[in-house]
Each structure stands twice: as C-alpha cells, then as structure tokens.
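These notes are about the structure you will find just below.
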Amino acid sequence: MSSYQFPEGFLWGAATASYQIEGAAEDGERKPSVWDSFSATPGRVLNGDTGGVACDHYHRYEEDVKLMVQLGIKHYRFSIAWPRIIPDGRGAVNEEGVDFYKRLVDCLREHGITPHATLFHWDSPQALENLYGSWQSREMAFDFADYVTAVVSRLGDRISHWMTINEITCFTHLGYAVDKEPPHAPGTRVSSLKQVWQTSHHALLAHGLACQAIRTISPARCSVALVDNLSVTVPIHESPVHIKAAKKAFHTCGENGGIIFPALTGAYSPALLEQLGVNAPDIQEGDLETIHQPLDALGFNIYTGTYVRAADNEVGYEFLDLPKGYPRMHMPWLNILPESMYWGIRHISETLGREDLPILITENGCASQDEVNVKGEVIDTDRIMYLRQHLKSAHRAVSEGYPLKGYFVWSLMDNFEWAWGYDRRFGITYIDYPTQQRIPKASFDWYRECIRGNRVV
Ligand code: FCB
C-alpha cells in the first residue's frame, strides 16, 4: 500500500463563501450586508476593495462548477447570503435570491457534486445592524433562525448537508473587539469585554436555534454541523508533560472556552469563566441546552496554531511566542504549524471528550504571493508545501483512529479576503480580476492528484 493513503470514502472538497466570491451585490433584489457597508467605508479594507464584483461567481457559477469537475471534487462547501434571501434581515423572503442557489445547487448535483451549505459566513443584513446592532442584540439569534427556516424550507429538497455558522470568533470578537483597529465588520466597537462575549453568546444561541429549525424543517434526514476555527495548542514536545500542558491550555487559548466548549459540551469552560470574572456573558436559563445541540459533524477550520509547554506557574502551562523569522505564509497570522491539524483533531476527541463526533476539515489553505509567469502559469510550490504538510498531519490523525472524515481546501479560487481585499490570494485557482479569467495553479494539479489517488502526493 502506498504511503499516506486515506481510507475509502474519505471526502475531498473545496470551500468558498458568498461575500468573497459572488459579487453581483445589487443583483436579484439583494440588499447590503454589513460587509458592503464596511468595505465602502474609506480606510476599512486594503486598497478600498469591496466585494461588489469579487469573482463574479453569481454570473459565472457554471464555469466554476466545471472547474470543480476538472479538479475531481465530489463535495463543495459554499455559503448562502442572508441578504439575498431576506434582504431586510427579517420579514419578506426574496424568491429571486433563493433561485440563484437553486440554480447553483442543481448544477452541482447534475455534475455529481454534493453541496454543503453554510448558512452564515459573516455577511449579515445591514438592516439588522441599523435596527439593533446585529449580534449585540439577542434578537439576532431569533431572526437568524427565521432566515434558516426560510432557506431550509425552500432548498431542503436539494441540500442535505448544512453548516450553521462559520467561525463565531471572527465576526464577534474581531468584529466588536474593544482594542482592535480597525475591527472587522460591522466596525462597531463595544465598550467592555463582557459585551464582546455577549455577542458571541448570541451567535451560539443562533447556532442552537438554527440546528433545531433545520431538523424541524428538513424534508429528509440531513447532516447538521457547526464550523469553528478553534485555537489549537501544540505541545512543544510530544512528551506526556507537555501534552498535558497543551490540553490544559486548550481551555484558555483564543476563545475556545466560550465557544467550542459550550457548543460541544454544554458548558463554558470553568477555567475561562474564572479568567473572565465579571466579563463573562449573561447566560439565560435554558441557553446552554439550546446551544448544545446534537451535531452530525464538526467543521474544523485550521490554518495555524500556538506552541505550548509545561511551566512551573499557577496554571501549569505557558503559551510560547514565536521567534523572529519563524516561517509563515503571506499573512501576518499564518505561521506554519502543520501539527496543529493533528492536535486540533485530537483535542476535539480527547480534550473536549467528543471522540464520538465526526470531523470535517472545512477550511485549510494559505495565501501566497502568486504570479503568472511568462508561460501563463502560476507555480505555487509554497502552497503545495503548506498543503502537503497539513494533509500529512491529517493523515496521521486518521491513522491513529481519530474520526476525521473529509477535507475541504480553502479555497477553490482567489477571492475577497475580507479586510485584506484582493491583495491576499488563498485560491488553488488564480483569478485575473480585470478579465475574470480562471487559471488553475500548480497546487490545483497537485490537489487533483491527491484526490485521484485518495492520498497525499
Ligand atoms: C477564515 C475564513 C475564510 C477565509 C480564510 C482565509 O477565517 O473563514 O472566509 O477568509 O480564513
């Protein structure tokens, strides 16, 4: 048997998100999302870029599905834009917006590609920002559940793999952060850490209510997942003392203790609550039960990690700063720690105690400084290096028996990378934005070979 072979049935895919690729911001009765407003505000997004046109996927989806066929993926993760479906955030459903997703999903299915739909990937309706400040209000969770009901009742005959919400930390903690300049959309800075935690609590509630809505409305048995970018602690050595430290540190690393813990275990991590003190969010009776819904899978987005070692201090561990010159890809935060793939998966099973829960890598990838050469090719060997190391780490998790079931590369194509605009390219397909030409990169061919052989090549 060749090395790095994945088990039969391992699912290979690619991922995108609505605001990052669709464009057509004003087509089909869509109204603005918070990202339209944020990117239209001078100084918010690099080079003044907006998602107004992006990859024009709204009009070119058939060409993009052909690209998927060429790649050989059988699974595609995309997101549905709330402001296309319910342009005012609550109230009337816009069937023209629904129709776009019907066309897309039908095209995918005709080509034997299973759609995995994320119901929220950050582009919430601006109308709800104006009405009550988006995630600052508990009402947002209930409006989200109504939107989910509208989507699943119209698309549930075609889609049976649902993902509720993408990366709660990013649009809450980065969105409302007290100390980040400039914050992520919608750009409202709240005045206390408690209020920031309240926004993520509301998002968790939205996830729970959405799970219930999907299960109630879906006409057929379906799969429901949450997508989280848990912060991964990687032991500096794989020796028992540092592994123990990494497990302990997992509770307080990033926002883990207040997001993935309640979602998967039904309780905020006590270690985090102790650390937060008066800044812990207000939790109403019944909230934790609502949040802790049965899931069919966890979507795990993984790009990097944090090294940890055992320490002779009160908590027994310490987070390690990276040395100057530590290798990273083309983002300030994209430090290369391929072991974070393996350790993230292992923490879900062991530290969160959810060895029963199937895991999908719903995003993994990197930005590179891609250039089209004189032959018209993009030879992104750095991306291949990054992806290969991460897939090997995923393979290790599978071979040790952890329940990793599939992998979606981020991303099918270059796209609007939020506050970094079009300057940062994460695709395995190069987009020449002025002409909208799609140029598969060397990493595209490499990934196709992995898929074809069901192994790391
Ligand atoms: C993730 C986001 C995704 C993309 C990648 C690079 O945090 O979910 O939309 O921006 O990072």
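Starting from 1, each residue takes its place in the sequence as its number. Remember, it's 1-based here, ligands and their atoms both numbered in the order they're listed.
A search for salt bridge (Lys or Arg N to Asp or Glu O under 4.0 Å) contacts involving Asp27 returns nothing, not counting sequence neighbours. Judged as a ring-ring contact (aromatic ring centres under 6.0 Å, His included), and not counting sequence neighbours, the contacts of His347 are Phe250, Trp343.
Between Asp64 and Arg438, at least one side-chain N (NZ, or NE/NH1/NH2) sits under 4.0 Å from a carboxylate O, which counts as a salt bridge. Salt-bridge annotation for Arg215 and Asp296: present, with a side-chain N of the basic residue lying under 4.0 Å from a carboxylate O of the acidic one.
Annotation: ligand 1 has protein neighbours Gln20, His121, Trp122, Asn166, Glu167, Tyr303, Glu363, Trp410, Glu417, Trp418, Phe426, each with a heavy atom less than 4.0 angstrom from the ligand.
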Tell me which donor-acceptor pairs under 3.5 Å the side chains of residues 171-180 have, and how far apart each pair is, sequence neighbours excluded?
unit_1: Thr172; atom_1: OG1; unit_2: Ile168; atom_2: O; d: 2.6
unit_1: His173; atom_1: NE2; unit_2: Ser200; atom_2: OG; d: 2.9
unit_1: Tyr176; atom_1: OH; unit_2: Trp135; atom_2: N; d: 3.2

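Residues Ile451 and Lys74 fail the side-chain proximity criterion, which asks for heavy atoms closer than 4.5 Å.
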